[in-house]
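For reference, the structure is listed below as structure tokens.
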2 protein chains.
Amino acid sequence: MQNSEAMALSAALLAAAGELTQRINEGVVARGFEGMRPAHGFAFTRLAPDGATVTELAAHLGVTKQAASQLVDEVVRKGYAERRDHPGDARARLIVLTERGWACTRAAEEVAAEVVGEWVELLGEGEVRVLGRHLARIAPYGPIRPAW
Amino acid sequence: MQNSEAMALSAALLAAAGELTQRINEGVVARGFEGMRPAHGFAFTRLAPDGATVTELAAHLGVTKQAASQLVDEVVRKGYAERRDHPGDARARLIVLTERGWACTRAAEEVAAEVVGEWVELLGEGEVRVLGRHLARIAPYGPIRPAW
DNA sequence: ATCTATGGTCAAGCTGCTTGACCATCTGGT
DNA sequence: ACCAGATGGTCAAGCAGCTTGACCATAGAT
């Protein structure tokens with residue numbers, strides 16, 4: 001495969017990721033979750049199942065734990081999450097979503113489904129599923145970082 | 001398609017984009033182009049064919065023209081590009097790559113080809129081509145923004 | 001019992017972006 | 001030809017989000 005072809009693929013991937021992120025964020029904000037940034041959403045995906053520690057969150061976001069801690073401060077202040085004592089480790093705090101945090105997460109999923117729905121119209125559902133499977137094989141559970 | 005499925009696809013897309021960007025940047029830096037950041041590479045892809053104005057660059061990167069101008073300052077100072085008079089518009093300057101700028105661009109293409117080569121090993125060349133075509137249809141020539 | 005590693009926070013600083021103001025030049029209407 | 005508004009570009013100031021460095025409390029190992 002030619003270098004220029006690889007570069008075109010890279011550019012398309014980046015453009016798609018950037019547009020998707022922007023649209024999800026705009027949709028979430030439009031649904032009444034003001035002051036939310038994409039990073040909050042990515043944090044929520046890590047907090048969603050059972051909560052997480054600041055250190056785990058930092059690893060997931062690819063930032064320092066200080067940065068993650070500041071981000072937690074912010075979402076706690078805005079009412080999307082709360083710090084609880086960690087069961088079994090008195091040093092750690094378990095960050096969990098509040099009901100409003102869950103509502104925000106559901107809103108993000110709805111918007112994502114809208115955007116992906118447009119892709120389905122363009123490419124067909126089967127092709128979009130294939131796209132998802134291939135992308136999942138390319139980037140299996142790495143940290144989610146800003147594209148640049 | 002379920003909301004959770006759309007969210008998983010979104011996460012995979014973002015993770016793939018983030019990893020690709022990081023690896024290309026690391027590869028470029030490792031080849032001797034120190035101090036380069038991903039944003040520089042994205043700027044170069046716009047400058048590459050025939051140069052561009054600061055305003056065009058700003059639109060391509062999705063930032064203000066002041067930010068684009070600062071970025072141009074930086075790459076000019078580092079020897080990757082130069083400001084020339086714009087033929088046909090005395091207000092504007094045409095930013096063009098220097099030879100070193102072209103070398104950096106070629107290096108980025110090489111690294112991108114390496115990474116995409118790994119995807120080809122995973123998925124096969126045909127599937128990767130399909131991936132590229134689909135992504136190109138999803139995000140046709142939008143600005144390349146940071147993922148968050 | 002101690003020593004080291006780990007989770008977390010506080011504080012300070014930096015980088016890259018934004019907003020706002022401004023000048024030079026282009027463009028279109030009169 | 002001229003003027004008014006639009007456009008390209010830069011300067012300056014401010015800020016948000018991240019980093020590094022220092023520090024404390026607790027865990028786990030020896």
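Below, chains carry the letters A, B, ... as their sequence lines are ordered, and counting in each starts from 1. Keep in mind that what you see is a predicted model, and the values were worked out from it rather than measured.
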Between [N] atom [atom2] and [X] atom [atom1], what is the distance in whole Å?
| X | N | atom1 | atom2 | result |
| --- | --- | --- | --- | --- |
| A:Ile95 | C:dT9 | CD1 | C1' | 12 Å |
| B:Leu57 | D:dT7 | CG | C1' | 17 Å |
| B:Phe42 | C:dC17 | CZ | P | 12 Å |
| A:His40 | D:dA16 | NE2 | C1' | 11 Å |
| B:Arg93 | C:dA24 | CZ | P | 14 Å |
| A:Leu61 | D:dG17 | CG | P | 14 Å |

* **Smallest separation among heavy atoms of A:Arg137 and B:Leu122, with atom names** => NH2-O, 3.4 Å
Distance-only check: which donor-acceptor pairs under 3.5 Å involve side-chain atoms of residues 25-32 of chain B, not counting sequence neighbours?
{"from": "B:Asn25", "atom 1": "ND2", "to": "B:Met36", "atom 2": "O", "distance (Å)": "3.2"}
{"from": "B:Glu26", "atom 1": "OE2", "to": "B:Gln22", "atom 2": "NE2", "distance (Å)": "3.3"}
{"from": "B:Arg31", "atom 1": "NH1", "to": "B:Glu110", "atom 2": "OE1", "distance (Å)": "2.3"}
{"from": "B:Arg31", "atom 1": "NH2", "to": "B:Glu114", "atom 2": "OE2", "distance (Å)": "2.7"}

Taking side-chain contact (heavy atoms from CB on, under 4.5 Å) as the test, write out the residues that go with [X], two or more places apart.
| X | result |
| --- | --- |
| A:Thr53 | A:Thr55, A:Glu56, A:His86, A:Ala92 |
| B:Arg129 | A:Met1, A:Glu5, B:Glu125 |
| A:Ala16 | B:Leu13, B:Leu135, B:Ile138, B:Ala139 |
| B:Ala48 | B:Leu97, B:Trp102 |

* **Net bend of the helix from C:dA1-D:dT30 to C:dT30-D:dA1, end axes of five pairs each, nearest 10 degrees** => 30°
* Structure fact -> Heavy-atom contacts, protein to nucleotides 19-30 of chain D, under 4.0 Å, summarised as B (base), S (sugar-phosphate only) or - (none) per nt, yield BBB---BBS---
* Cluster companions of B:Met7 among Ile, Leu, Val, Met, Phe, Trp, Tyr (side-chain spacing under 4.5 Å) -> none
* **Cluster companions of B:Leu94 among Ile, Leu, Val, Met, Phe, Trp, Tyr (side-chain spacing under 4.5 Å)** => B:Val96
* Ignoring backbone atoms, establish whether A:Thr55 has a side-chain N or O less than 4.0 Å from OP1 or OP2 of C:dT6. => no
* Asked: With no hydrogens and no angle check, is any side-chain donor or acceptor of B:Ser10 less than 3.5 Å from a backbone partner on B:Ala6?
  -> yes
* Would you jot down, in residue-number order, the residues of residues 72-85 of chain B having a non-hydrogen atom under 4.0 Å from DNA chain C? => none
* Structure fact -> By salt bridge (Lys or Arg N to Asp or Glu O under 4.0 Å), A:Arg100 pairs with (sequence neighbours left out) none
* Asked: With sequence neighbours excluded, what pairs up with B:Lys78 under the side-chain hydrogen bond (donor to acceptor under 3.5 Å, both in side chains) test?
  -> B:Glu74
